Every structure is written in structure tokens, then in C-alpha cells.
Amino acid sequence: DGNRIVSGSDDTLVKIWDAETMAEVRTLTGHSVEVYAVAFSPDGKRIVSGSYADLIKIWDAETVFAVYYSLAGHSVMVAQLQFSDDGAQAITG
């Protein structure tokens, strides 16, 4: 929606920021190692994050308490990701 920014970092956290004020809105915890890639779904309702531990998490961006999925299966770290245009799939690499 352009009102929020999402970031991931070496401290294992995913953070949501207000795009206008640049103030931190929420912190998402759940990764155990560095988070290298993050993205909002096109409708802004979900966040996908990828880590050095080859793990992808899909979060509810509105409640941020629930993780929809924790997906393992990559043989190396997840360095890139995005949602498909319709938000139905997360593409990772």
C-alpha cells in the first residue's frame, strides 16, 4: 500500500516501518539467523522473509503474531524473494 516498509537484517529480526515517518511499527521474531530477503504481498496482508538458514517464513502483516508457514527445502541461503503479481505464490532464490 506504500505506507509501510519491511526490512530484515543480521540481527535475525524482520521490522515493519512507517514509510512517512520512518518510525518502527513492529518487530517480527522467529528467524534464528540472518534475514537476507523480505517482501510484502501485493495486497499488503502478508510478508515473506528468507534467511541464511535456508528457511522461508510467511507472516500475517496485520497481526504479525501468526506465521502462516515456515518452509524449508533450499540447499543454500535464501537471498531473493518476491510474491507473484496476484499474491498467490512466493518466488524464492
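In this chain, residues are counted from 1 in sequence order. On a predicted model such as this, the values are computed, not experimentally measured, just so you know. Computed from heavy atoms alone, side chains included, the values below leave out hydrogens, waters and symmetry copies.
Nearest heavy atom pair, residue A39 against residue Q82, reads CB-CA, 4.2 Å. Between G44 and A61 the shortest heavy-atom distance is O-CB, 3.5 Å. When every heavy atom of A19 is checked against every heavy atom of G2, the shortest pair comes out as CB-O, 3.5 Å. Of all non-hydrogen atoms in P42 and G87, the two that sit nearest each other are CD-CA, 3.7 Å.
A distance of 11.0 Å separates OH of Y52 from CG of D10, quoted to the nearest 0.5 Å. Separation of atoms CG (D43) and CZ (F83) is listed at 8.0 Å; rounding is to 0.5 Å. Here the CG atom belonging to D11 is positioned 8.5 Å from the OG1 atom belonging to T27, to the nearest 0.5 angstrom.
Between the S51 side chain and the V35 main chain, no donor and acceptor come within less than 3.5 Å of each other. With hydrogens and angles disregarded, no donor-acceptor distance shorter than 3.5 Å links the side chain of R26 to the backbone of V14. Listed for the S84 side chain is a donor-acceptor partner under 3.5 Å among the backbone atoms of Q89.
Side-chain atoms of L28 and I47, non-hydrogen and from C-beta on, do get closer than 4.5 Å to each other. Residues V38 and V48 form no side-chain contact, since every pair of their non-hydrogen atoms from C-beta on lies 4.5 Å or further apart. Annotation: side chain of R4 is not in contact with side chain of W17 (no heavy-atom distance under 4.5 Å). Using a 4.5 Å cut-off on side-chain heavy atoms (C-beta onward), S9 and E34 make no contact.
Criterion: ILVMFWY side-chain heavy atoms under 4.5 Å apart, direct or through other members. Under it, Y36 and L13 are not part of a common hydrophobic cluster.
More than 12 heavy atoms of other residues, nucleotides or ligands shown are found within 6.0 angstrom of CG on D86. Under a cut-off of 6.0 angstrom, the local environment of CD in Q80 is sparse, with at most 12 non-hydrogen atoms contributed by other residues, nucleotides or ligands.
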